[in-house]
Amino acid sequence: MAIETTSRKLTNKEVEETLRSVIQTLIDGQEGFQNIGEHLKDENLRRYFAAESLKRAQFRGDLEEILHQEGVHDVKETGTVGGTVNRTWGDIKAHLGGGDHTLLETTEAGEDAAKKAYQKALENELPLPIKQLLDTQYAHIQTSHDYVKDARDSRK
């Protein structure tokens, strides 16, 4: 017997809330990559983290543009509390002499949160162009997560 699921199209307000949630996570990622990148010793990782910070800013801009097109002009988001705690923890680790491995662990935790935010957003019945954009961004987030995880594992 097949299980039938009933999905309904989201209201404009629900789409806005979904995008704002992802934007908050992107702010966390943007700031996290920037802050942690400044403490990394490996120059290649520093460059990668700078590029990822800029990529998160671009993703955020893309989502904010959608909100603007839909008439939402007050897009003044901040990161999440969890993201702030994660960045603070990363700063503490860096100041206590934590090496790249420790900082990469902190970054991976942030990337896990980003993946969850995208997964939650993509569970919704979003308009196709928004869903496609989030799918594309999510694929990049997954690749970034795997890169950070591999870099962490190579520094054990």
Side-chain angles (χ1 to χ4, degrees), residues 15-124 126-155:
V15 171
E16 177 185 340
E17 289 169 2
T18 298
L19 293 180
R20 284 182 183 272
S21 176
V22 174
I23 289 168
Q24 288 178 331
T25 302
L26 289 168
I27 292 169
D28 290 341
Q30 179 184 355
E31 293 176 2
F33 275 108
Q34 180 183 359
N35 292 342
I36 289 177
E38 293 171 357
H39 297 293
L40 292 168
K41 293 169 183 55
D42 183 295
E43 189 59 37
N44 289 328
L45 282 175
R46 289 174 71 106
R47 280 194 295 275
Y48 179 81
F49 273 54
E52 280 303 305
S53 178
L54 292 173
K55 184 58 104 173
R56 302 311 159 93
Q58 176 191 343
F59 287 174
R60 173 186 175 189
D62 293 344
L63 297 180
E64 287 177 348
E65 179 63 27
I66 290 170
L67 290 175
H68 289 304
Q69 290 171 355
E70 295 301 317
V72 179
H73 298 292
D74 183 27
V75 185
K76 294 181 181 154
E77 294 298 327
T78 59
T80 65
V81 172
T84 302
V85 169
N86 195 42
R87 283 190 304 281
T88 302
W89 184 234
D91 281 343
I92 291 169
K93 287 178 180 180
H95 292 338
L96 293 176
D100 287 358
H101 179 269
T102 301
L103 296 173
L104 290 167
E105 283 180 332
T106 302
T107 304
E108 186 186 0
E111 289 293 82
D112 287 338
K115 285 174 49 177
K116 286 179 186 171
Y118 272 88
Q119 289 166 349
K120 183 177 179 186
L122 288 166
E123 289 173 357
N124 294 312
L126 295 164
L128 188 58
I130 295 173
K131 187 167 191 67
Q132 289 172 331
L133 177 61
L134 289 177
D135 276 332
T136 301
Q137 290 181 354
Y138 179 53
H140 181 86
I141 299 287
Q142 288 177 302
T143 300
S144 175
H145 171 273
D146 293 346
Y147 180 86
V148 168
K149 183 179 183 296
D150 291 344
R152 182 209 65 201
D153 289 347
S154 72
R155 285 162 177 77

Discussion item. Working note: E105 + H101, criterion side chain to side chain contact (heavy atoms under 4.5 Å, CB included); need CA distance, chi angles, decisive distance, verdict.
Written reply: CA-CA 6 Å; E105 283 180 332; H101 179 269; 3.2 Å; yes
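- In this view, K116 satisfies the salt bridge (Lys or Arg N to Asp or Glu O under 4.0 Å) rule with no residue, not counting sequence neighbours.
- Under the rule for a side-chain contact (heavy atoms from CB on, under 4.5 Å), D146 has no partner lying at least two apart in sequence or in another chain.
- Contact detail for A114 and I141: the closest heavy-atom pair is CB-CG2, 3.9 Å.
- Put simply, OG1 on T102 and CZ on R155 are 12.0 Å apart, with the number rounded to the nearest 0.5 Å.
- Looking at E38 and F49, their side chains never come closer than 4.5 Å, going by heavy atoms from C-beta outward.
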Item to complete: Under the side chain to side chain contact (heavy atoms under 4.5 Å, CB included) rule, what do V15 and E70 come out as? Steps first, then yes or no, please.
Response: CA-CA 10 Å; V15 171; E70 295 301 317; over 6 Å; no
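- Nearest approach of D100 to H39, heavy atoms of both residues: OD1-O, 4.4 Å.
- The ring-ring contact (aromatic ring centres under 6.0 Å, His included) check on Y118 picks up nothing, with sequence neighbours excluded.
- Of the candidates E17, Q24, E16, E16 is the only one forming a side-chain hydrogen bond (donor to acceptor under 3.5 Å, both in side chains) with R20.
- Interatomic distance, L45 CG to L40 CG, rounded to the nearest 0.5 Å: 5.5 Å.
- Counting only heavy atoms from C-beta outward, the side chains of Y147 and L104 never approach each other to under 4.5 Å.
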Worksheet item: Taking it one step at a time, do I23 and L67 satisfy side chain to side chain contact (heavy atoms under 4.5 Å, CB included)?
Response: CA-CA 11 Å; I23 289 168; L67 290 175; 3.8 Å; yes
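- In terms of heavy atoms, S154 sits closest to A151 at OG-O, 2.9 Å.
- A pairwise comparison of heavy atoms in V148 and E108 identifies CG1-N, 3.9 Å as the closest pair.
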Worksheet item: Between T107 and E52, is a side chain to side chain contact (heavy atoms under 4.5 Å, CB included) present by the stated rule, with each step listed?
Response: CA-CA 11 Å; T107 304; E52 280 303 305; over 6 Å; no
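- Rounded to the nearest 0.5 Å, atoms CG (L126) and CG (L134) are 6.0 Å apart.
- Note that CG of L26 and NZ of K55 are 11.5 Å apart. Values are rounded to the nearest 0.5 Å.
- From L133, atom CG reaches atom CZ of F59 across 8.0 Å, with rounding to the nearest 0.5 Å.
- A distance of 10.5 Å separates CG in L19 from CD in E64, rounded to the nearest 0.5 Å.
- Contact between Q30 and S53 at its shortest, heavy atoms only, is O-OG, 2.8 Å.
- Taking 4.0 Å as the cut-off between side-chain N and carboxylate O, E111 and K115 do not count as a salt-bridged pair.
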